[in-house]
Amino acid sequence: MKRHVASLLAQALASLRDAGGLPADVELPEIQVERARDRAHGDYAANTAMVLAKAARCKPRDLAEQIRAHLPESPSIAEVAVAGPGFLNFTLTPAARHEAVRSALREGGQYGRSQVGAGHRIHIEFVSANPTGPLHVGHGRGAAFGDALASVLEAAGFQVHREYYVNDAGRQMDILAVSFWLRYLQAAGEDVPFPAKGYQGAYITAHAQELLEIDGDAHVHNAAAIIDGLPDEASDPEGYLDALVARARALLDHGAYERVLGFALEAILGDIRADLDAFGVTYHQYFSERELADNGRIEAAVQRLADAGYTYEADGALWFRASELGDDKDRVLRRENGLTTYFAADVAYHLDKVERGFDTLVNVWGADHHGYVPRVTASLQALGIDPSCLDVRLVQFAVLYRGGEKLPMSTRSGEFVTLRELRDEVGKDAARFFYVMRRSEQHMDFDLDLAKSESADNPVYYCQYAHARICSVMRQLEERGMRVAADPEEAALERLDAEHETILLDLLGRYPEVVEAAALSREPHQVAQYLRELAAAFHTYYNAVPFIIEDAALRDARLTLVLATRQVLANGLGLLGVDAPEAM
RNA sequence: GCGCCCGUAGCUCAAUCGGAUAGAGCAUCGGCCUUCUAAGCCGACGGUUGCAGGUUCGAGUCCUGCCGGGCGCGCCA
């Protein structure tokens with residue numbers, strides 16, 4: 001409908017220009033049509049006349065009048081008015097308003113979906129937490145946001161690929177393997193000390209026990225052979241850890257080291273997948289950094305940067321000239337010890353995404369990674385790729401509150417709330433809705449007590465209750481031996497003239513525009529905001545007007561409206577990964 | 001010190017590419033269940049959009065400078 005109005009305006013401008021009402025050389029602006037914020041301003045408003053007034057050397061309101069006079073007739077538009085400083089306000093005909101209800105019921109789960117993104121292939125990478133421990137609440141917002149955004153993009157017709165980048169290479173994997181092995185040895189009865197810098201979590205101990213049950217004592221070495229000759233841990237904890245890794249590699253031969261590492265990785269990644277699954281988050285692909293390295297893709301990417309003339313050697317390392325492309329400083333690609341950096345892998349990863357044919361790359365990152373954006377952008381540019389294809393969505397952390405108290409969050413001390421604990425406490429639906437309710441760049445306070453509360457204060461229940469209430473109305477209807485006339489096309493929607501009904505009709509018609517806007521601006525919170533508004537409009541209507549009444553035609557009209565509302569609630573909640581229950 | 005994000009009602013947050021009188025919820029106060037779920041509804045109160053300039057028909061939104069909060073500034077990932 002919005003596009004329809006825009007096209008009417010475009011025709012009017014062309015016709016006005018042909019008639020000499022506009023200078024022939026004037027450049028016609030992009031037509032901007034927006035939903036009127038105020039009902040008194042009709043349904044749609046256009047600022048065309050104000051934008052064009054200066055170039056046309058004409059007063060905005062006069063120009064608006066001329067445009068209005070040249071607007072073609074439309075069966076959807078009841079009235080066009082010039083208002084304020086020069087707005088053109090369009091009011092829809094009742095029939096056009098009713099179309100939303102009929103479309104929602106005709107299209108069902110498809111209502112609100114569009115094709116604006118057709119032809120585009122979007123790669124969206126989110127969460128990508130290191131596979132060294134369980135997901136915590138810091139990852140939760142990225143998960144909820146990324147998944148909802150992917151769904152919203154799909155609804156707008158984009159072809160979306162959801163991916164999790166697994167950092168399963170490098171030193172942290174060695175530390176994981178050693179931590180895991182030591183816990184395994186302890187489970188087997190060996191008295192080995194556990195390093196302070198190892199991964200301390202109980203999840204390691206639990207999975208190490210599983211390895212012992214499966215592989216038996218195949219990887220057991222006595223404690224003395226492991227510790228003898230290692231440097232002093234207290235004076236150099238990192239060096240101690242590296243020596244421990246070297247010792248483990250030496251003792252665990254014939255692939256045993258890889259076995260332990262692989263087992264640890266699979267176990268932890270399995271936990272992460274299970275958590276995400278229970279959170280309603282799914283991926284098309286888990287992309288392994290190690291495979292990238294094993295396939296020579298990292299070396300190839302580094303070589304491409306070198307070929308492009310963007311590298312140099314200094315201090316024994318290979319550097320990328322990031323500072324020539326907008327970054328603060330140059331960045332190391334290959335260290336003095338010959339190993340490539342995490343950044344080098346990331347260059348290769350982004351190059352790989354582009355080579356897989358995606359025209360847009362969306363990265364959902366924690367806000368603490370923002371300093372990393374310029375160097376990735378620079379690398380794309382150096383590789384001859386237009387960096388505007390990359391959109392990094394920075395997600396701010398949410399601070400959890402319980403009983404008015406801020407919950408401590410520190411990864412270092414292991415004092416973090418896991419995503420699983422959050423889900424156990426407030427449920428998947430509340431967690432997901434709360435996370436996407438706010439703009440991702442906005443710092444957020446997450447009130448656990450509120451998310452748990454079964455009250456009107458809780459926006460999740462508020463929206464879900466609206467859906468459940470409609471289901472309840474339908475059950476009541478059936479109990480009284482009535483049904484809604486089967487064909488919504490036949491419903492006498494012209495009987496819906498109460499203010500509450502007009503508001504609801506209006507909101508239902510807006511839904512496709514909300515989804516489209518949320519997709520194009522990549523802001524899924526717009527859907528959450530809309531759903532609260534829709535639920536509020538429904539609850540108001542419910543309290544003001546009885547649905548199950550004697551007048552069959554009016555009853556059918558109202559119930560048809562209500563059924564369409566239920567459909568839109570379900571569709572919108574679905575995009576956010578929140579269930580739409582039939583009863584509370 | 002430099003860079004990025006944020007600052008909107010007492011609190012948590014919205015505000016459609018720069019659009020018309022800045023909106024919700026909570027809290028506070030006052031109403032509404034014999035009637036489709038009160039997990040709901042109605043009303044009242046509440047604002048110099050951190051401060052000062054600038055850009056223009058029009059600024060919460062864009063630019064500059066301050067103030068305040070968060071994050072980042074490794075041959076870690």
Side-chain angles (χ1 to χ4, degrees), chain A residues 2 30 32-38 40-41 45-47 50-51 53-54 59-60 83-87 89 130 132 167 169-173 238 289 314-319 328-329 331-337 339-343 345-346 366-374 394 396-397 399 401 437-439 441-447 450 453-462 464-466 468-477 479-480 510 513-514 517-518 520-521 523 525-526 528-529 532-533 535-536 538-549 559 562 583-584:
Chain A
K2 201 177 216 173
E30 186 193 348
Q32 296 175 40
V33 177
E34 62 180 25
R35 274 280 173 178
R37 292 173 198 245
D38 189 333
H41 299 143
N47 62 358
M50 291 181 290
V51 174
K54 189 175 257 184
K59 286 183 190 161
F87 285 101
N89 291 337
N130 288 337
T132 54
N167 296 121
R171 182 168 178 263
Q172 64 171 359
M173 281 297 101
E238 298 292 345
E289 178 189 355
D315 305 325
L318 184 70
W319 295 74
D328 291 341
K329 49 185 89 166
R331 306 293 175 178
V332 172
L333 290 164
R334 186 181 297 111
R335 297 187 279 244
E336 202 174 355
N337 66 10
L339 299 177
T340 49
T341 57
Y342 171 84
F343 171 59
D346 232 9
D368 55 335
H369 284 69
H370 71 259
Y372 201 75
V373 177
L394 297 171
Q396 295 287 340
F397 295 121
V399 181
Y401 286 83
M437 202 164 47
R438 309 303 186 195
R439 268 167 55 225
E441 317 91 88
Q442 183 69 250
H443 298 129
M444 185 182 110
D445 287 350
F446 193 130
D447 185 340
L450 177 60
S453 77
E454 299 189 347
S455 75
D457 311 353
N458 189 336
V460 192
Y461 285 104
Y462 188 77
Q464 291 184 316
Y465 179 43
R469 223 175 193 183
I470 295 170
C471 294
S472 173
V473 169
M474 294 305 152
R475 285 192 293 269
Q476 278 288 327
L477 187 74
E479 279 170 25
R480 299 189 195 182
R510 270 179 52 194
E513 295 166 13
V514 168
L520 295 179
S521 61
E523 292 182 342
H525 79 274
Q526 290 183 18
Q529 296 291 336
R532 289 176 70 175
E533 222 180 307
F538 169 73
H539 286 307
T540 298
Y541 183 42
Y542 177 93
N543 274 276
V545 177
F547 307 149
I548 302 176
I549 51 175
L559 290 173
V562 163
M584 300 299 281

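Basis for what follows: all heavy atoms, side chains included, without hydrogens, waters or symmetry-related copies. Chain naming here is simple, since letters A, B, ... match the order of the sequence lines and numbering starts at 1 in each.
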- Message: Under 4.0 Å, heavy atoms only, any strand: does A:Arg334 hit a base, just the sugar-phosphate, or nothing?
- Response: nothing

- Canonical and wobble pairing (Watson-Crick, G-U, under 3.5 Å) of RNA chain B, dot-bracket with |: (((((((..((((.....[...)))).(((((.......))))).....(((((..]....))))))))))))....

- Task: Quick one: label A:Asn89 by what it contacts on the DNA or RNA (base, sugar-phosphate, nothing), any heavy atom closer than 4.0 Å.
- Result: base

- Tell me, please, which residues at least two apart from A:Ser521 pass side chain to side chain contact (heavy atoms under 4.5 Å, CB included). A:Glu523, A:Gln526

- Item | Partners meeting side chain to side chain contact (heavy atoms under 4.5 Å, CB included) with A:Ala314 (sequence neighbours left out) | A:Tyr312, A:Trp319

Could you pull out the protein-nucleic contacts involving nucleotides 44-46 of chain B (nitrogen or oxygen on both sides, under 3.5 Å)?
none

- Message: Can you see if the side chain of A:Thr540 gets near the phosphate of B:rC42 - specifically, an N or O under 4.0 Å from OP1 or OP2?
- Response: yes

- Query: Side-chain N or O of A:Tyr541 less than 4.0 angstrom from OP1 or OP2 on B:rC42?
  - Reply: no

- Item | Inter-nucleotide C1' distance (B:rC71, B:rA39), Å rounded | 38 Å

- Task: Please work out if A:Gln396 contacts a base, only the sugar-phosphate, or nothing of the nucleic acid, heavy-atom cut-off 4.0 Å.
- Result: sugar-phosphate

- Query: When you check the gap from the basic side-chain N to the acidic O, do A:Arg510 and A:Glu533 get nearer than 4.0 Å?
  - Reply: yes

- Sugar-phosphate only, base, or nothing, as touched by A:His539 at under 4.0 Å among non-hydrogen atoms: sugar-phosphate

- Task: Taking salt bridge (charged side-chain N to carboxylate O under 4.0 Å, His left out) as the test, write out the residues that go with A:Arg438, two or more places apart.
- Result: none

- Query: NA contact type, A:Ala45, heavy-atom cut-off 4.0 Å: base, sugar-phosphate, or nothing?
  - Reply: base

- Note on the structure: With sequence neighbours left out, the residues meeting side chain to side chain contact (heavy atoms under 4.5 Å, CB included) with A:Pro60 are A:Met50, A:Ala53

- Task: Assign A:Ala466 to base, sugar-phosphate, or nothing according to its heavy-atom contacts below 4.0 angstrom with the strands shown.
- Result: nothing

- Hey, does the side chain of A:Lys329 come within less than 4.0 Å of B:rG74's phosphate (OP1/OP2), counting only N and O? yes

- Query: Is A:Tyr372 stacked on the base of B:rG72, with ring centres under 5.5 Å apart and planes under 30° apart?
  - Reply: no

- Message: Just to be sure I understand the rule, does A:Ala317 reach a base, reach only the sugar-phosphate, or reach nothing, if contact means heavy atoms closer than 4.0 Å?
- Response: base

Measure all distances between protein nitrogen or oxygen atoms and nitrogen or oxygen atoms of nucleotides 54-59 of chain B, and list the pairs falling under 3.5 Å.
residue : atom : partner : partner atom : Å
B:rC57  : OP1  : A:Lys54 : NZ           : 3.0

- Task: Report the relative orientation of the aromatic rings in A:Tyr372 and A:Tyr342; use parallel for angles under 30°, tilted for 30 to 60°, perpendicular for over 60°.
- Result: tilted

- Query: So what does A:Tyr542 hit on the nucleic acid, given a heavy-atom distance under 4.0 Å: a base, only sugar-phosphate, or nothing?
  - Reply: base

- Task: Just jot down the salt bridge (charged side-chain N to carboxylate O under 4.0 Å, His left out) partners of A:Arg171, sequence neighbours excluded, or say none.
- Result: A:Glu238, A:Asp242

- Message: Roughly how many Å apart are B:rU12 and B:rG19, using the C1' atom of each and rounding to a whole number?
- Response: 27 Å

- Item | Heavy-atom protein contacts under 4.0 Å, nucleotides 8-15 of chain B, coded B base, S sugar-phosphate only, - none | ----BSSS

- Task: Tell me, please, which residues at least two apart from A:Leu520 pass side chain to side chain contact (heavy atoms under 4.5 Å, CB included).
- Result: A:Phe158, A:Glu516

- Query: When we call it a touch if two heavy atoms are under 4.0 Å apart, what does A:Val545 touch: a base, just sugar-phosphate, or nothing?
  - Reply: base

- side chain to side chain donor-acceptor pair (under 3.5 Å) with A:Asn130: which residues, sequence neighbours excluded? A:Gln172

- Would you mind calling B:rC51 syn or anti? Take O4'-C1'-N9-C4 for purines or O4'-C1'-N1-C2 for pyrimidines, and syn is within 90° of 0. anti

- Task: Under 4.0 Å between any heavy atoms, over every strand shown, what does A:Gln32 touch: base, sugar-phosphate, or nothing? Just pick one.
- Result: base

- Tell me what A:Phe397 touches on the nucleic acid: a base, only sugar-phosphate, or nothing, going by heavy atoms under 4.0 Å. nothing

- Message: Suppose we screen for salt bridge (charged side-chain N to carboxylate O under 4.0 Å, His left out). Which residues come up paired with A:Arg334, at least two apart in sequence or across chains?
- Response: A:Glu299

- Using a 4.0 Å heavy-atom cut-off across all strands, classify A:Asp315 as base, sugar-phosphate, or nothing. base

- Separation of the P atoms in B:rG74 and B:rA20, to the nearest angstrom: 45 Å

